[in-house]
Every structure is written in C-alpha cells, then in structure tokens.
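Chain letters run A, B, ... following the sequence lines, proteins first, then strands; residues in each count from 1. Scope of the values below: all heavy atoms of this structure, side chains included, with no hydrogens, waters or symmetry mates.
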2 protein chains.
Amino acid sequence: MHDSPLIERRSLATELVERLRGLIQEGQLRPGDKIVEPELCERFGVSRTPLREALKVLAAEGLIDLSPNRGARVARISPEAVEELFPIMGMLEALAGELCIGRMSAADLALLEALHARMVAHWRAGEWAPYGRLNRQVHEEIFRIAGNGALAALYQSLLIRTHAIRFMARKTPERWAEAVDDHERIMAALRARDASALNLIMREHLRHKADVVHEALKQLDDG
Amino acid sequence: MHDSPLIERRSLATELVERLRGLIQEGQLRPGDKIVEPELCERFGVSRTPLREALKVLAAEGLIDLSPNRGARVARISPEAVEELFPIMGMLEALAGELCIGRMSAADLALLEALHARMVAHWRAGEWAPYGRLNRQVHEEIFRIAGNGALAALYQSLLIRTHAIRFMARKTPERWAEAVDDHERIMAALRARDASALNLIMREHLRHKADVVHEALKQLDDG
DNA sequence: CCTTTGCATTTTGCATTCATTATTCAGATT
DNA sequence: AATCTGAATAATGAATGCAAAATGCAAAGG
C-alpha cells in the first residue's frame, strides 16, 4: 500500500485559534486591544460560533482576557506576571537542557554550534532581526533534541504569552551582550555535557530575560 | 460604603468547564469514554453552544481529545505521556519548594509540620483516603506559600491530566512507604531551608510517582 | 459464513436568530 | 459647565435550525 499522508481536517475554530494567535504574536492585535466579535467575523468570513469557540481556547491559554458580557481583550502582561512566568520558563528550559545533554548526538551538538556561531556573527554585525531568529532557533533546537513534546508545547505557550511584550522595546547593547554571553556559557555547558552547570545558566538566562522585560515595561510606563 | 462582595457572573460555558473537569477528575467520565453532545446537554439542561465551547477549552487543556466530525473522547494517558509529564511536574514542584523556602514563615512551617504529622498518622493506620487528602493538602500548601499563582495553576492543570489514572489502581505497601519517606525528607529539607536538597527530593518524589503510574498502567494492560 | 454495499439514523459543524446586557450620546438638571 | 438620566444602538450569551459527515445495520454478493 502506498503510504499517503492523512488528509488534514480542521475545524474553523482550530484554524481561527492559530490565525488569532498569529495576529497577537506579530503585534497586529496588541495587549489591551478590544476584540469585537462581528469585526473579526467579517475579517475572516465566518460566523460568530466558531470564532467564539476560538476565543474561549485563547482565553484558556491566557492570551486573551474574557469578561462576561463585556467581551474580550488581548491580555496585558503585568510586571507581577513576568515575575511569575519567567522563573517557570527558566525551570522548563533547565529541564530541556538536561534532557538535551542526555540525548544529543555529535551531529546535534554540531548543529547547535553552527546556529550559535551564526547568531554571534549577527550580533557582531549588529543585525537585530536575524540574531533574534537564530536565538529562537537555538532554543527550539534544544527542545527538539530534548524529545519531550509536552515540555516543548508548554514552553511555547508561555513564550507566546510573554512574547507580546517583546516587540515593543529593544534590548540595550549591554543587555544584548549579556544575552550573547549567556549563550556562550550555555554552549560551553552543552559541550562539557555538564547538566548542573547548564541548569544554573538556563535559569540565570531567563532571569536576565525577565529583567529585560521589566525594563521594557518600565520604559512603556515612562514614555 | 458597605463592601459588598462582587456579584459573580459566569457564563454557562465556564460553569460547564468546571463541571466536566469534575466529572473527569472523579471518574464519572473515564479515559476513552465517548462524549456525546446531546447527552450532556440534556444532563445539564443547556444547549449545545455553551457545551461545545466548554469542550474546546477542555481539549486545549489536554483533558479530552477532539477529532473533527467524530466528536470528543476523554483523553487516555499513555506511558509515553507519563514519561513526559512527570519530569515537568517534578521541576514545577522543585521550583515551588525553592520559592517556599524563601518565603515561608515559622507559622507556615508549623502548618506544614502539622499536616505532615496527620498524614503520617493516617499512613500508620492504613487509612488510604484521608492519607491521600492530607498528601494533596501538603503539596497545595507548599504552592500557596510559594506565592506564584501561575505556577500553581500550571501544576494543577498537569495534575488533573494525570489524575485520571490514579483512582484506577492502588499503591503497593512498598510504594506507599516510599512516598511517606519522600515526604519525611521533604519536611527535613524545608526545616533546614536547604533549597538544593529540596530540589533533588522533589524531583525524585515525582520520579517515584511516575513509577507508580507506570505500574498502574501495566496492571491495567495485564488484568 | 464472512465481507461488502447502500440506506436510515445519529451526530457534528456552522449559521442564524432571539434575548439580555453594555455602551453611547442627546437632552435634562443642578 | 459639569453631571446625571435614559432611550437608541451595538455587542454579547445562548438556543435553534440546517447541511454535511459519520455511524449502525440490514441486505446483497462472494
């Protein structure tokens, strides 16, 4: 028998969840924005039923806030939420790193090294966008190697919740250098397959990320 | 002004999410059971619209599986899922323990000691149900003291996903003693405010819990 | 006897409709 | 002028209706 790929069947609600997540992620819908159902219905050409199902799912994920009879808003992230979420993300990355060390092949490590080198090159060149892309790829690769799908999914969902903040403010050069240094140390721990060192660095790295977000939030309040 | 409590206003969908979660948790709806919309609608006296919204939310939480045009089933937990979820829960408990050590007052510790002592007493008496209740309370109390709401919510959601398994099989006496011993060591680390020791014990404790679930799953396959 | 095919029934996906609750804004009141 | 009132408007919550898909089952064929 020819192994044909399964025909993918998706509900409108599922499709809408992904589209809306995308809009929030790329900043088309910004934290605090009101979500008006008829508006989005027209935009996507669907009725309110599947849209409302999608909104309920996004609310469960924490991406939007629903208040009864008053509609939905894209969730704002508070400094308190940052303080809660980043340590969690730190633990998840630490676990991913640990699993990664236990499972990675020489080829995996080589790939990470390559991604890292390219990322550093973009940093030296001051190219923000490709740096960010490579940065994300490194983290994704670590989760892939870790081989724990639930872990990756959980991390991803927390990442999106905090990501909404990030496109708003740019890192300072010092913070950027700090992040690169964190990554150097992450790579060193991976090379040495030193799980406990990696654990510490990952959590410190996320602590730094939280600091950056705090600075960004403060900047928004002031400016 | 008299500070009247806010009038709680909830949508039917929200109510249904909680009711259904309850049904799954207490085993009224068991893993693998088919969920027929009209049936539940009649049971709860609501129309399909809010019920479907609730099902979408539960699916997002991983409590049920939805396949397009084929309806919903209560999610089964596979050995692979256990292998993925328990290390994550271990990390979350480890973080909670760490935060707990940093924040707990003498009164907090005393409360934990009291709960622990009662739990051990029930173990000695072989009283399973109250032991389980106290066990849960100890863990909840640690999360409460930790003071990270997002962490507690995340842990709770993973706990429910794995809880469906537990009412099915009973711990062996050896496993039960092992769990009690873990708790003794957890209390010792809390007393000493030794974060790194607590970290290790928490993760080991969850490793043991995963083993118990694996044994339960195997038992189901065999018997 | 087992498998396959076609039809009746059930169930799901989505649109539409109706009722209830917010929001807006013109006009009245202090 | 600022605030309050309330009707008009718009948005949300939930039920109903309808078309498409899946399921179950009986009869036909191997």
- Message: Before we go on, tell me: are the rings of B/W128 and B/W123 under 6.0 Å apart, centre to centre?
- Response: no
- Is the shortest side-chain N to carboxylate O distance from B/E215 to B/K171 below 4.0 Å? no
- Could you pick out which residue, B/P50 or B/K34, lies toward the 5' side of DNA chain D when each is mapped onto its nearest nucleotide? B/P50
Partner residues of [X] under the side-chain contact (heavy atoms from CB on, under 4.5 Å) criterion, sequence neighbours left out:
{"X": "A/Q28", "result": "A/L23, A/E26, A/R43"}
{"X": "A/S157", "result": "none"}
{"X": "A/L134", "result": "A/L115, A/R118, A/M119, A/H122, A/Q137"}
{"X": "A/R144", "result": "A/D108, A/E141"}

- Message: Once ring pair (Phe, Tyr, Trp, His ring centres under 6.0 Å) is applied, do any residues pair with B/H208, and if so which ones, sequence neighbours excluded?
- Response: none
- Item | Residues in ring pair (Phe, Tyr, Trp, His ring centres under 6.0 Å) contact with A/H183, at least two apart in sequence or another chain | A/H139, A/H205
- Task: Could you list where the contact with chain A starts and ends along DNA chain C, reading 5' to 3', using a 4.0 Å heavy-atom cut-off?
- Result: C/dC14 to C/dT23
- With a 4.0 Å cut-off on heavy atoms, is B/T49 in touch with a base, just the backbone sugar-phosphate, or nothing at all? base
- Under 4.0 Å between any heavy atoms, over every strand shown, what does B/K56 touch: base, sugar-phosphate, or nothing? Just pick one. nothing
Can you measure [X] atom [atom1] to [N] atom [atom2] for me and round it to whole angstrom units?
{"X": "A/I35", "N": "D/dG13", "atom1": "CD1", "atom2": "C1'", "result": "17 Å"}
{"X": "B/R52", "N": "D/dG13", "atom1": "CZ", "atom2": "C1'", "result": "16 Å"}
{"X": "B/E37", "N": "D/dT16", "atom1": "CD", "atom2": "P", "result": "15 Å"}

- By salt bridge (Lys or Arg N to Asp or Glu O under 4.0 Å), which residues pair with B/D65, not counting sequence neighbours? none
- Task: For residues 68-78 of chain B, pull every pair meeting side chain to side chain donor-acceptor pair (under 3.5 Å), keeping only residues two or more places apart or in separate chains.
- Result: B/S78-B/E80
Can you pull every protein N or O that's under 3.5 Å from an N or O on nucleotides 19-22 of chain D?
{"unit_1": "D/dA22", "atom_1": "OP1", "unit_2": "A/R9", "atom_2": "NH1", "d": "2.6"}
{"unit_1": "D/dA22", "atom_1": "OP1", "unit_2": "A/R9", "atom_2": "NH2", "d": "2.4"}

- With sequence neighbours excluded, tell me which residues meet side-chain hydrogen bond (donor to acceptor under 3.5 Å, both in side chains) with A/E84. none
- Message: Within residues 38-48 of chain A, which residues have any heavy atom lying less than 4.0 Å from an atom of DNA chain D?
- Response: A/P38, A/R48
